[in-house]
Visitor: 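Starting off with a structure, shown below.
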Amino acid sequence: VILTRRYLMQLIPDPLLNVGGTPIPRGTGLLVLLSVLMVLAARNMLRPAPATNDDIPASEHGVGSGGLMLRGLLTGMLTSLVGAGGGFLIVPALAAFARLPMHRAIGTSLVVIAASGLIGAAIDPHMHSAVDIPFLATFTGIAVAGSLVGSIIGKRVPNKRLRPAFGWFVLVMGGFIIVRELFLGGH
């Protein structure tokens with residue numbers, strides 16, 4: 001995360017481009033990229049799910065480990081570059097590339113996001129200087145409670161209904177970001 005934002009971000013000009021004499025800031029361009037990727041991911045999620053079996057590893061679904069690692073690396077770089085969208089991009093990537101059922105894709109993405117967040121926080125020199133412990137504890141408590149409630153609800157929703165519901169959610173959020181960034185003046 002830190003490496004992508006520190007080194008790759010420096011290669012992207014700011015402003016990103018000028019449209020009719022109006023500069024488009026790098027941040028706006030990256031959010032539009034995120035939202036376009038979200039719309040594409042949603043389109044994939046709204047298609048019928050390929051047949052999967054929880055007991056069969058991704059490599060036996062016809063997904064090579066090298067290709068899967070490359071796709072995972074690109075997905076990770078994109079999410080860290082835009083600084084958001086982990087679940088919006090990682091879940092569809094796991095469902096499409098690793099052909100995981102939605103329940104497994106969501107659980108796996110939570111582990112990936114938590115691990116990358118912990119690593120990013122551990123190596124970020126600014127993180128150690130001003131941690132608001134009460135806020136962090138409150139936010140963590142709410143997140144854990146939400147995860148537990150989501151887990152209970154998720155067990156009752158079959159994959160064939162969860163996948164399109166997630167797809168519609170990602171589509172709406174991607175559309176909202178596009179409209180906000182391009183037509184409502186951003187943040």
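If you read the sequence from its start, that first residue is 1, and numbering goes on from there.
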Visitor: Can you give me the closest heavy-atom contact between Ala95 and Arg163, atom names plus distance?
Guide: CB-NH1, 3.6 Å

Visitor: I'd like to know if the side chain of Asp14 and the backbone of Pro25 have a donor-acceptor N/O pair within less than 3.5 Å.
Guide: no

Visitor: Rounded to the nearest 0.5 Å, what separation is found between the CD1 atom of Ile178 and the CG atom of Leu33?
Guide: 10.5 Å

Visitor: Determine whether a donor-acceptor pair (N or O, by modelled atom type, separation under 3.5 Å) exists between the side chain of Ser151 and the backbone of Ser147.
Guide: no

Visitor: Would you say the side chain of Thr28 lies within less than 4.5 Å of the side chain of Leu16, judging by non-hydrogen atoms?
Guide: no

Visitor: Do Val149 and Ile153 have side-chain heavy atoms sitting under 4.5 Å apart?
Guide: yes

Visitor: Between Thr108 (side chain only) and Ala105 (backbone N and O only), is there a donor and an acceptor less than 3.5 Å apart?
Guide: no

Visitor: Looking at Met45 and Gly167, what are the two nearest heavy atoms and their distance?
Guide: CB-CA, 3.6 Å

Visitor: Less than 4.5 Å apart, side chain to side chain, heavy atoms only: is that true for Leu34 and Leu89?
Guide: yes

Visitor: Do the side chains of Arg47 and Asn44 get nearer than 4.5 Å, heavy atoms only?
Guide: yes

Visitor: Locate the shortest heavy-atom distance separating Pro158 from Arg156; write the atom from each residue and the value.
Guide: CD-O, 3.7 Å

Visitor: With a 4.5 Å cut-off on side-chain heavy-atom distances among I, L, V, M, F, W and Y, is there a chain of contacts connecting Val91 to Val172?
Guide: no

Visitor: How about Met38 and Ile177: do any of their side-chain heavy atoms sit closer than 4.5 Å?
Guide: yes

Visitor: Using the rule that Ile, Leu, Val, Met, Phe, Trp and Tyr join whenever any side-chain heavy atoms are under 4.5 Å apart, tell me whether Phe183 and Val36 fall into a single cluster.
Guide: yes

Visitor: Hey, are the side chains of Val39 and Met173 touching, using non-hydrogen atoms and a 4.5 Å cut-off?
Guide: no

Visitor: Would you say that Lys160 contacts Met102 through its side chain, given a criterion of any heavy-atom pair below 4.5 Å between the two side chains?
Guide: no

Visitor: Enter the distance from Asp132:CG to Thr138:OG1 here, rounded to the nearest 0.5 Å.
Guide: 8.5 Å

Visitor: Could you tell me the separation between the CG atom of Leu40 and the CG atom of Leu171, rounded to the nearest 0.5 Å?
Guide: 10.5 Å

Visitor: Could you state whether Val157 and Val170 fall into the same hydrophobic cluster, counting links through intermediate Ile, Leu, Val, Met, Phe, Trp or Tyr residues with side-chain heavy atoms under 4.5 angstrom apart?
Guide: yes

Visitor: If hydrophobic clusters are built from ILVMFWY residues whose side chains come within less than 4.5 Å, do Leu31 and Val19 share one?
Guide: yes

Visitor: How long is the gap from CG on Leu136 to OG1 on Thr140, to the nearest 0.5 Å?
Guide: 4.0 Å

Visitor: Give a yes or no on whether the backbone of Leu162 and the side-chain of His103 come within a donor-acceptor separation of less than 3.5 Å.
Guide: no

Visitor: Where the side chain of Ser35 meets the backbone of Val32, is there a donor-acceptor pair that is under 3.5 Å apart?
Guide: yes

